[in-house]
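The structure appears right after this line, and notes come after that.
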Amino acid sequence: MSEQTTAKPVIFSGIQPSGSITLGNYIGAIRNFTLLEKDYDCLFCVVDLHALTIRRVPADLRRQTLELAALYIACGLDPKKNIIFCQSHVPEHAELAWILNCFTYMGELSRMTQFKDKAARHQENVNAGLFTYPTLMAADILLYQTDLVPVGADQKQHLELSRDIAERFNSLYSGSFVVPEPYIPKTTAKVLSLSDPTRKMSKSEAEESYIALLDSPEDMRRKIRRAVTDSDAEIRYDPENKPGVTNLLNILSALTGQGVDALCADLEGQGYGVLKERTADAVIEHIRPIRAEFDRLIQDKTYLNETLAENAARAQAIARRTLRKVYKKVGLYQL
Ligand code: TYM
């Protein structure tokens, strides 16, 4: 990404280094990053500050931060072409978040379904960071004058708030931010839980319900074999009535590039066992080279640290420009 004049539109997206990175994160986010990267100037962030909104064991957070950076690269995202960095290494994120907090209403934040869910799940720790999480996310995006934000469907509401904040800010101080567009392709928007296909696949649910990218092939196959389907035994794409089967078809389609109609035609008359084996094969074969590259990279801490430092500097050069402009616009006295 060139820091001087950016010819291509800008993509920003982030993933929290909290727990395992799931097949949902991969299909809903990372895989789309790899498909979009050549047409955009991309920033892919390990959003470690966001991860602090839930209590973490410090050593785990540190390890998972480096693992996620390695995973981005192992998935094929080149850190020379893209900017792959850690949120806390660019303090402008937290600085802009404060400013945006002053332009975001309590009512807006209270309506965020993710806040309501997480507050219900972590009643002992409903902290202010959890509440203002979306303004930090808006800061992430707006700092880089982002055009497009590829995410899963669960982030749609946060994206809409980011747009509202940008528009509000621009109406007071014109030309401050590019108003970002979400990129949420329908078939990859929501990978569902294997044990309860009415819910999204999530790293905060029971282990059997999700595939982690770093699971062994045996675990991946076992979990897919046990995936909840239904009792009518017909392989048909029907999100409403057959969420489990539809979920497997979506996973298979995303990883093989075959359309779901072609897959259904291909699998017609077969049992769910065959669908599950085909899905397990596709997942295992797709993830195998990523896992091998990850295993290699994670041994090379020097390379990862140098890469993260260089990339944070590239990100900061852009972020600083936006922050300086914003400070000036709102009237902060600059030296
Ligand atoms: P996070 O870490 O929960 O998830 C990372 C990305 O994975 C997508 N995702 C899914 N997609 C499809 N099916 C699923 N089951 C599934 N589970 C997760 C998420 O939609 C997301 O795209 N707040 C964000 C991180 C963030 C961010 C940003 C994203 C912080 N700042 C700025 C974009 C731009 C989050 O918690 O994602």
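- Between Asp281 and Arg278, no side-chain nitrogen of the basic residue sits less than 4.0 Å from a carboxylate oxygen of the acidic one, so the salt-bridge criterion is not met.
- Formation of a donor-acceptor pair under 3.5 Å by the Lys203 side chain with backbone atoms of Gly19 is not found in this model.
- Heavy-atom minimum distance, Glu208 versus Leu194: O-CB, 4.0 Å.
- Using a 4.5 Å cut-off on side-chain heavy atoms (C-beta onward), Ser231 and Tyr272 make no contact.
- Of all non-hydrogen atoms in Asp48 and Thr65, the two that sit nearest each other are CB-OG1, 4.1 Å.
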### Task
Kindly determine whether Ile141 and Leu159 satisfy side-chain contact (heavy atoms from CB on, under 4.5 Å), including the steps that lead there.
CA-CA 9 Å; Ile141 297 165; Leu159 247 292; 4.2 Å; yes
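- Annotation for Asp238 and Thr246: closest pair N-OG1, 2.9 Å, computed over non-hydrogen atoms.
- Under the 30°/60° scheme for interplanar angles, the aromatic rings of Phe33 and Tyr72 are found to be tilted.
- Taking a 6.0 Å sphere around CD of Glu207, one finds it holds 12 or fewer heavy atoms contributed by other residues, nucleotides or ligands.
- Looking at every heavy atom in both residues, Arg226 comes nearest to Lys276 through C-NZ, 4.3 Å.
- Counting only heavy atoms from C-beta outward, the side chains of Ile73 and Ile84 approach each other to under 4.5 Å.
- Salt bridge absent: Arg163 and Glu160 never bring a charged side-chain N and a carboxylate O closer than 4.0 Å.
- Taking the side chain to side chain contact (heavy atoms under 4.5 Å, CB included) definition, one finds that Ala70 meets it with Phe294, Leu297, Ile298, Leu304, sequence neighbours left out.
- Using a 30° and 60° split on the angle between ring planes, Tyr144 and Phe12 fall in the parallel class, below 30°.
- A pairwise comparison of heavy atoms in Thr34 and Cys75 identifies CG2-O, 3.4 Å as the closest pair.
- One N or O on the side chain of Lys325 and one on the backbone of Gly175 form a donor-acceptor pair closer than 3.5 Å.
- The shortest distance between side-chain heavy atoms of Ile211 and Ile287 does not fall below 4.5 Å.
- Between the Gln157 side chain and the Thr113 main chain, a donor and an acceptor come within less than 3.5 Å of each other.
- The shortest distance between side-chain heavy atoms of Lys156 and Ile184 falls below 4.5 Å.
- Taking the charged nitrogens against the carboxylate oxygens, Glu67 and Arg63 do have a contact shorter than 4.0 Å, which makes a salt bridge.
- For Asp215 and Lys223, the salt-bridge test passes: some basic side-chain N is under 4.0 Å from an acidic carboxylate O.
- Using a distance-only test at 3.5 Å, with no hydrogens or angles considered, no donor-acceptor pair links the side chain of Glu205 to the main chain of Ser202.
- Between Pro180 and Leu142, the shortest heavy-atom distance links the atoms CD-CD2, 3.8 Å.
- Aromatic ring pairs are classed by plane angle as parallel below 30°, tilted from 30° to 60° and perpendicular above 60°; the pair Tyr133 and His50 is tilted.
- Side chain of Glu277 to backbone of Val274: no donor-acceptor contact under 3.5 angstrom is found.
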